[in-house]
Chemist: 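This is the structure I want to talk about, given as structure tokens.
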Amino acid sequence: MHSLKHPIAVDENVATAQLTSFHYGSPGSGKKVYIQAAVHADEVPAMLVAHVLRQELERLDAEGRVKGEVILVPAANPIGLSQVVHGTPFGRYDLKSGTNFNRAYKHVADELKKSLEGRLGSDIDANVALIREEARRHVATWEPKDDTETLKKTLLSLAIDADIVLDLHCDNEALMHMYTGTPLVETVAPLTALLGARVLLVAKASGGEAFDEACSRLWWDLADHFEGAAIPPACAAVTVELRGENDVRYDYARLDAAALLQYLGHSGVLDIPLEPLPETPCRATPLNAVEPLSAPHAGVLVFHKRLGELVEAGEPVADIVNPVSGQVTTLSAEHPGLLFASTAHRHLLRGMHVCKIAGTESFRSGDLLSA
């Protein structure tokens, strides 16, 4: 095991933030795995899981049981970790620019369509190696315009050529759930089962250029473009939402870390005793079948439904109670589904997020992720 320090200049007149990555196994000896935690810096459960993973990976590496290369970034956002607003950590957006730390990553597919023209054929392994080489090169040409883009370039440079990318997050209040690309459903099914995820949200393009799609979407974009070439979905990138922000518990972290390690074991990256795979607890849900509810006016949020409950179309989910005017508005679902995520706040302003319901029938379009 060795660690690397990656400088991320926050303010050259004050301090320089550093991103730390830990490296296990040997590059080129097998599959490459990249794991990062808390690119939204205040999503703390991910960092605790990364802490447990680090302990286990150090032990396995010392025993020679890492059969590929594993890179772990246990705190992926030193900029966000330094941000505090009125005494509260604030890590989702860059305070200087307002940019979401998990949006606007460089998507290199369009550049690759030009640089790979006439160079791909029927040899899958040769195609994968060439695409990864070109992807690394194009990420290296990204010229960041600010510190946040420097951070994003650094993270993407570590992950762009990986076979497996696990981006660990959490929601505000939520059940365990995951996001991945539609072509990857079968590949990530074992992870869904091991984590006991209640919802697996899938899309070929969700909008906003999130980190996981910057790593994985280029493969099916290129496959669609170069129809005669053999191009597999060679990067299994997944965003894992480790329940809610306050679910910071050792028992959860140990269970989640064990599930991730088992997934890497079943993927041939770790030489560990393998447990039988549980049954997959959910079917894939199109991301455009998720119904978000928001507050129509300011007031106190009172839920009728709890996380994990099924909701029928037209069924009340929550009330917004304005204690000044006395106005009470009941929010109902337009589509049936599972209530899997909600806000932790109980007083909302107009337009603020209330909850998300995972349905089965697609009905949304455009950018499918929250801001």
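Heavy-atom basis, side chains included; hydrogens, waters and symmetry copies ignored. Quantities reported herein were computed from a predicted structural model and do not represent experimental measurements.
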Chemist: Before giving the answer on side chain to side chain contact (heavy atoms under 4.5 Å, CB included), spell out for Arg364 and Val290 the whole-Å C-alpha distance, their side-chain angles and the decisive distance to 0.1 Å.
Modeler: CA-CA 8 Å; Arg364 298 170 60 210; Val290 172; 4.1 Å; yes
Chemist: Measure across His23 and Glu69 and return the closest heavy-atom pair with its distance rounded to 0.1 Å.
Modeler: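 Heavy-atom minimum between the residues: ND1-OE2, 4.4 Å.
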Chemist: Checking Asn127 side chain against Ala230 main chain: does a donor-acceptor pair fall under 3.5 Å?
Modeler: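 Yes; at least one donor-acceptor contact below 3.5 Å.
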Chemist: Please say whether the positively charged group of Arg92, taken as NZ for Lys or CZ for Arg, lies over the ring of Phe101, i.e. under 6.0 angstrom from the six-membered ring centre and within 45 degrees of the axis.
Modeler: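 No, Arg92 does not lie over the aromatic ring of Phe101.
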Chemist: Could you walk me through whether Glu117 and Lys113 satisfy the salt bridge (charged side-chain N to carboxylate O under 4.0 Å, His left out) test, starting with their C-alpha distance in whole Å, then the side-chain angles of each, then the deciding distance to 0.1 Å, before giving a yes or no?
Modeler: CA-CA 6 Å; Glu117 185 65 41; Lys113 290 173 186 177; over 6 Å; no
Chemist: Does anything in residues 266-283 form a side chain to side chain donor-acceptor pair (under 3.5 Å)? List the pairs, not counting sequence neighbours.
Modeler: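 Not a single pair qualifies under side chain to side chain donor-acceptor pair (under 3.5 Å).
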Chemist: For the backbone of Asn246 and the side chain of Arg249, can you confirm whether one donor and one acceptor N or O come within less than 3.5 Å of each other?
Modeler: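 Here the side-chain-to-backbone pair does not exist.
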Chemist: Tell me whether Ser29 contacts the main-chain N or O of Ser26 through its side chain, where contact means a donor paired with an acceptor under 3.5 Å.
Modeler: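 Judged by distance alone, yes, a pair lies under 3.5 Å.
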Chemist: State whether the side chain of Lys31 and the backbone N or O of Leu264 hold a donor-acceptor pair below 3.5 Å, judged by distance alone.
Modeler: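 Checked: no pair found.
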Chemist: Check Cys235 against Trp219 and note the closest heavy-atom contact, atom names and distance.
Modeler: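 It is CB-NE1, 3.6 Å.
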Chemist: Of the non-hydrogen atoms in Asn288 and Ser362, which two are nearest, and what is the gap between them?
Modeler: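 In terms of heavy atoms, the two residues are closest at OD1-OG, 2.6 Å.
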Chemist: Provide the closest heavy-atom pair for Ala210 versus Leu369 in the form atom of the first, atom of the second, distance.
Modeler: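 Result for this residue pair: CB-CD1, 4.1 Å.
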Chemist: Show your working on salt bridge (charged side-chain N to carboxylate O under 4.0 Å, His left out) between Lys356 and Asp171 and close with a plain yes or no.
Modeler: CA-CA 11 Å; Lys356 290 181 279 191; Asp171 212 310; 3.3 Å; yes
Chemist: For Ser97, what residues pass the side chain to side chain donor-acceptor pair (under 3.5 Å) criterion, not counting sequence neighbours?
Modeler: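 Residues passing side chain to side chain donor-acceptor pair (under 3.5 Å) with Ser97: Asp94, Thr99.
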Chemist: Taking atom CD of Glu63 as the centre, report whether more than 12 heavy atoms of other residues, nucleotides or ligands fall under 6.0 Å from it.
Modeler: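 Yes, enclosed.
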Chemist: Lys106 pairs by salt bridge (charged side-chain N to carboxylate O under 4.0 Å, His left out) with which of Glu213, Glu143, Glu149, Glu111?
Modeler: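 Of all the options given, the one that passes is Glu111.
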Chemist: Does Phe211 offer a backbone N or O that forms a donor-acceptor pair with the side chain of Asn102 under 3.5 Å?
Modeler: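 Confirmed, Asn102 side chain pairs with Phe211 backbone.
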Chemist: Can you confirm whether Arg350 is buried at CZ, in the sense that more than 12 heavy atoms of other residues, nucleotides or ligands lie under 6.0 Å from that atom?
Modeler: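 12 or below, so no.
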Chemist: Donor-acceptor check, side chain of Gln83 to backbone of Gly91, threshold 3.5 angstrom: yes or no?
Modeler: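 Absent.
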Chemist: Quick check on Gln55: does its CD atom have over 12 non-hydrogen neighbours (other residues, nucleotides or ligands) under 6.0 Å away?
Modeler: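 Yes, CD of Gln55 has more than 12 neighbouring heavy atoms, counting only those of other groups under 6.0 Å.
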Chemist: For the side chain to side chain contact (heavy atoms under 4.5 Å, CB included) test, which of Met352, Arg346, His347, His345 pairs with Leu301?
Modeler: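 With Leu301 as partner, Met352, Arg346, His347, His345 yield a single side chain to side chain contact (heavy atoms under 4.5 Å, CB included), made by Arg346.
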Chemist: Measure across Thr187 and Tyr263 and return the closest heavy-atom pair with its distance rounded to 0.1 Å.
Modeler: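 Shortest heavy-atom contact: O-OH, 3.2 Å.
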Chemist: Applying salt bridge (charged side-chain N to carboxylate O under 4.0 Å, His left out), run through Arg217 and Asp212 and close with a yes or a no.
Modeler: CA-CA 8 Å; Arg217 199 181 97 213; Asp212 66 329; over 6 Å; no
Chemist: With rounding to the nearest 0.5 angstrom, report the CZ to OG1 distance, Arg198 to Thr285.
Modeler: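 These two atoms lie 11.0 Å from each other.
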Chemist: Taking Lys305 for its side chain and Val311 for its backbone only, find out whether a donor-acceptor pair lies under 3.5 Å.
Modeler: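 A pair under 3.5 Å: no.
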Chemist: Between the main-chain N or O of Cys170 and the side-chain N or O of Glu43, is there a donor-acceptor pair closer than 3.5 Å?
Modeler: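 Between the backbone of Cys170 and the side chain of Glu43 there is a qualifying donor-acceptor contact (under 3.5 Å).
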Chemist: Using modelled atom types only, decide if a donor and an acceptor are shared between the side chain of Thr192 and the backbone of Val188 within a distance under 3.5 Å.
Modeler: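 Pair found, side chain donor or acceptor close to backbone of Val188.
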Chemist: Please check if the side chain of His225 supplies one atom and the backbone of Ala223 the other of a donor-acceptor pair under 3.5 Å.
Modeler: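 A pair under 3.5 Å: no.
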Chemist: Which pair of non-hydrogen atoms, one from Ala109 and one from Leu222, has the smallest distance, and what is that distance?
Modeler: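 Smallest heavy-atom distance, with atoms named: O-CD2, 3.9 Å.
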